[in-house]
Amino acid sequence: MDIGALPKGSVAPLRDRKAREQGLFSGAYSPGSAGPGRALSLSEQITWAILIFIACFLGALLCVGWTRDAGVVSSLWPANAVALAALLYRTPPERLAILVVFTLAVTAANLVHGDGWGLSLLLAAANLVEVVIALGLILRILGEAPSLREPGVFLRLLGLAGVLAPVVGASMAAAIMHVSVDASFVAVWKTWWSGHAIGILVFFAIWAHILARQFDDSILIERRLEAVLTLTFLCVIVWFAFQGGQTYSLLALLPALLWVAVRFATAGSAAALALTAMLLTILTVQGYGPIGLMPGLSEADRFEELNFVLLTLALPTLMIALVLDKQRGLNRALRHSDDRYRRLYDDSPVMLHSIDSAGRLVSVSRYWLDKMGYRREEVLGRKSIDFLDEESRRRALDEVQPRLVREGSVTDVEYRFVKKDGETFDTLLSAIQERDERTGDTRSLTVIVDISARKAAEKRLAETIDELARSNRDLEQFAYLASHDLQEPLRMVSSFTNLLQEEYASKLDDQAKEYIHFAHDGAVRMSQLLQDVLTFSRITRDPSETEQVDLGAIVNIAVAELQTSIEEASAIVSSEELPTVPGNPVQLTSLFRNLIGNSLKYRSEAPAVISISAAPREGGWQVTVADNGIGIDPKHFERIFGLFKRLHARGDYDGTGIGLAICKKVVEQHEGRIWVESEPGRGSRFHFTIPAGPLEEDRHGPG
């Protein structure tokens with residue numbers, strides 16, 4: 001009974017979600033089958049109803065006709081097995097229709113036999129109660145069992161659904177028959193119970209396969225000719241077994257049925273058992289064979305003998321079929337897993353190989369062979385280190401292989417492999433070592449990734465970084481020298497324009513004096529610009545040690561240096577308690593001097609109010625310099641921190657446009673960031689962060 005092949009969703013409405021996710025019922029439906037996962041169309045519902053009605057009606061009619069005249073009920077009753085299989089393959093809303101069709105079929109069979117409406121309906125009700133109880137017991141098993149292919153689970157199913165449920169039906173039927181036709185309660189109960197138990201055992205499996213359309217991919221289809229010949233031969237064996245005069249001669253059928261179980265799995269066993277049970281029952285009822293010809297036996301006794309034979313044949317056959325099915329399933333899963341592993345092994349876009357305890361290659365992936373340019377037979381049996389260059393081979397023997405044996409794994413080991421044509425390439429190797437518990441032998445599985453492109457990119461990146469570093473040093477040196485050396489000629493220009501204006505003022509007209517003023521003013525502005533460039537270049541050029549800096553003291557120094565400008569602007573500069581942080585005091589003084597000076601320069605008509613505060617944040621502090629000045633349009637937030645970026649004409653506001661660039665450079669040197677929040681006409685708030693811990697040493701060296 002291939003109960004394990006029940007379709008996914010067939011009992012899903014009464015199972016918990018975890019059990020459904022384990023896929024206990026997967027694979028039951030072939031493509032195109034009407035599975036319970038969707039509602040049946042009207043035509044499909046009609047097809048199901050007709051199929052179930054015909055099967056139940058014919059089975060009930062045949063079995064009722066066999067033995068009702070003898071005052072007992074049938075020895076073999078397939079109708080309930082058909083209904084039970086159908087109920088398990090449909091959803092709860094459709095099960096009610098199945099129960100109605102089943103009841104009508106059994107009632108019709110009794111009516112055709114000649115029973116009245118009352119007796120027919122009562123007997124149909126007994127069958128209905130039995131089927132409902134069996135269904136409930138099976139669904140309970142389906143909700144608890146880890147796998148219904150397990151023989152132990154099958155025994156529970158047989159014991160509950162095939163033995164316990166018919167007890168209720170037999171009791172009801174025996175009482176009905178005793179009252180209605182004065183039949184023996186004991187005789188009716190015994191034949192009803194045994195006939196229904198054997199009927200469920202023998203016929204449920206075959207109908208479960210039929211209703212699930214399992215024959216679409218069954219082994220019976222693969223070996224159809226052998227299946228036909230086997231079933232034909234089985235019929236011949238049944239005939240010859242009936243020529244014997246003893247009941248035990250029927251046990252000669254057992255080897256044949258076991259052969260069917262071995263060759264054709266549960267589906268074949270179900271078909272063979274159904275055929276055998278029908279033949280044995282028909283021949284016995286007709287008075288043939290060792291049971292039918294046995295003198296002195298009542299009809300009920302003959303059925304007891306027949307039921308014993310059928311149970312002896314069916315139970316071991318189905319148990320062996322289940323065990324073999326499980327083994328076949330495990331073998332299929334193992335082959336599938338092995339195939340998947342082989343495909344993954346060969347098709348993975350990395351090099352894979354396995355080595356034994358002696359370091360010899362026992363398997364290599366297809367990608368490994370394609371990458372190295374070898375054929376498989378050229379590498380298997382050779383040592384893996386044979387494919388490394390000299391330096392990698394030495395490191396493998398001295399360091400990596402001993403560590404692999406000692407620790408059981410190695411990761412990200414850089415090797416250089418040598419192809420068949422002599423070309424080398426860089427790789428990253430990781431390996432794990434496994435030990436066979438039975439033999440104690442070890443084997444290592446190795447994954448090798450070609451990193452030649454990465455190494456080349458790293459080399460190019462390093463060269464680019466070195467070139468940029470040299471270029472930056474050259475630029476910084478040039479800026480320092482240019483700004484420093486150009487100061488002298490500018491001082492000369494400024495001095496001589498002053499002398500010219502002082503000594504020849506009486507001889508020069510107004511236009512000449514204006515020209516001299518422009519020359520002098522240009523020299524002063526150029527000197528200031530060069531001074532700012534020199535300051536900017538010194539931020540990264542001049543090495544200085546980091547020390548603990550009191551920002552409050554630094555702000556006081558910056559305010560003192562700007563005291564004249566503060567008084568001219570009638571400004572108010574205030575600061576809250578500021579922290580002590582690691583930094584460069586000269587650079588931090590320049591930072592606050594430029595930020596405060598920027599607020600003084602771009603003040604509004606109202607007296608300038610500048611406040612400085614600090615707040616802790618993760619890993620350091622956030623310092624804010626806020627003012628009530630003219631504000632900044634948000635579209636210029638990034639631009640203002642660039643070199644020589646001015647937002648106003650030189651005539652409106654003086655300056656070189658480098659002050660905020662210096663601030664940005666200082667903050668970055670201190671591993672922080674700087675940004676601004678502002679609206680035109682509503683002042684500005686410059687924020688910068690600074691760590692509370694020590695700074696990196698290389699931040700303060702040249703370049």
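One distance of note links OH of Tyr415 with CG of Asp426; it measures 13.5 Å at 0.5 Å rounding. In this structure, Leu369 CG and Glu378 CD are separated by 9.0 Å, a value rounded to the nearest 0.5 Å. In this structure, the separation between CD1 on Ile320 and CG on Leu258 is 4.5 Å, given to the nearest 0.5 Å. Rounding to the nearest 0.5 Å gives a distance of 11.5 Å between CE of Met319 and CG of Leu324. Interatomic distance, Arg443 CZ to Ile432 CD1, rounded to the nearest 0.5 Å: 12.5 Å. The distance from atom CG of Leu201 to atom CG of Leu273, rounded to the nearest 0.5 Å, is 7.5 Å.
In this structure a side-chain-to-backbone donor-acceptor pair under 3.5 Å is missing from Ser392 to Leu388. Thr689 places a side-chain N or O within 3.5 Å of a backbone atom of Arg673 that can act as its donor or acceptor partner. A donor-acceptor pair is defined here as one N or O able to donate and one able to accept, closer than 3.5 Å; no such pair exists between the side chain of Ser337 and the backbone of Ala333.
Salt-bridge formation is not detected for the pair Arg403/Glu399: no Lys NZ or Arg NE/NH1/NH2 atom is positioned less than 4.0 Å from an Asp or Glu carboxylate oxygen. Ion pairing between Lys455 and Glu414 holds under the 4.0 Å rule for side-chain N and carboxylate O. The pair Glu423-Lys419 meets the salt-bridge criterion, since a charged nitrogen lies less than 4.0 angstrom from a carboxylate oxygen. Between Arg394 and Glu390 no salt bridge is recorded (no basic side-chain N to carboxylate O distance below 4.0 Å). With respect to the salt-bridge test (charged N to carboxylate O, under 4.0 angstrom), the residues Arg460 and Glu463 do not qualify. In this structure, Asp346 pairs ionically with Arg342, as a charged nitrogen and a carboxylate oxygen lie closer than 4.0 Å.
The shortest side-chain heavy-atom distance between Val581 and Leu551 falls under the 4.5 Å cut-off. Contact of the Val364 side chain with the Leu352 side chain is not registered, since no non-hydrogen atoms from C-beta on lie closer than 4.5 Å. Between Pro316 and Leu254, the closest side-chain pair of non-hydrogen atoms falls below 4.5 Å. Proximity of Thr411 to Leu429: side-chain heavy atoms (C-beta onward) are nowhere separated by under 4.5 Å. Contact annotation: the side chain of Ile138 approaches that of Leu84 to within less than 4.5 Å [non-hydrogen atoms, C-beta and beyond]. Between Glu547 and Pro582, the closest side-chain pair of non-hydrogen atoms is not below 4.5 Å. Within the 4.5 Å cutoff, no side-chain heavy atoms of Ser430 are placed close to those of Val410. Within the 4.5 Å cutoff, no side-chain heavy atoms of Glu434 are placed close to those of Thr442.
Within 6.0 Å of CD in Glu407 there are more than 12 heavy atoms belonging to other residues, nucleotides or ligands. Within a 6.0 Å sphere centred on CD of Glu458, heavy atoms belonging to other residues, nucleotides or ligands number more than 12.
The two residues Ala86 and Ile98 come nearest to each other via the heavy atoms O-CD1, 3.6 Å. Scanning all heavy atoms of the two residues, the minimum distance from Val405 to Gln433 falls at CA-OE1, 3.7 Å. Between Ile448 and Trp368 the shortest heavy-atom distance is CD1-NE1, 3.9 Å. Closest heavy-atom contact between Arg382 and Asp386: NH2-CB, 3.9 Å. Of all the heavy atoms in Ala81 and Phe204, the pair that sits closest is CB-N, 3.5 Å. Across Ser384 and Leu361, no two heavy atoms sit closer than the pair CB-CD2, 4.1 Å.
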ask   = Hey, mind stepping through Ile355 and Val362 against side-chain contact (heavy atoms from CB on, under 4.5 Å) and telling me if it holds?
value = CA-CA 5 Å; Ile355 61 175; Val362 294; 5.8 Å; no
request  = For side-chain contact (heavy atoms from CB on, under 4.5 Å), just list the numbers for Lys665 and Gln587, CA-CA rounded to whole Å, side-chain angles, deciding distance to a tenth of an Å, and then say yes or no.
outcome  = CA-CA 9 Å; Lys665 193 68 174 177; Gln587 293 180 5; over 6 Å; no
task = Output, in order, the C-alpha distance, side-chain angles, deciding distance and verdict of side-chain contact (heavy atoms from CB on, under 4.5 Å) for Ile690 and Leu588.
result = CA-CA 11 Å; Ile690 188 166; Leu588 291 175; 4.2 Å; yes
query = Checking side-chain contact (heavy atoms from CB on, under 4.5 Å) for the pair Asp450/Lys371: CA distance, chi angles, key distance, verdict?
reply = CA-CA 9 Å; Asp450 183 359; Lys371 187 73 175 178; 2.5 Å; yes
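Annotation: side-chain hydrogen bond (donor to acceptor under 3.5 Å, both in side chains) contacts of Tyr345 (sequence neighbours excluded): Ser363. Not counting sequence neighbours, the partners of Val667 by the side-chain contact (heavy atoms from CB on, under 4.5 Å) test are Leu591, Ile674, Phe688.
Because its NZ or CZ atom is not both nearer than 6.0 Å to the ring centre of Trp621 and within 45° of the ring axis, Arg617 does not count as a cation-pi partner of that residue. Remark: Lys420 fails to qualify as a cation-pi partner of Phe387 under the 6.0 Å distance and 45° angle criteria applied to the six-membered ring.
Using cut-offs of 30° and 60° on the angle between ring planes, the pair His353 and Phe417 is tilted.
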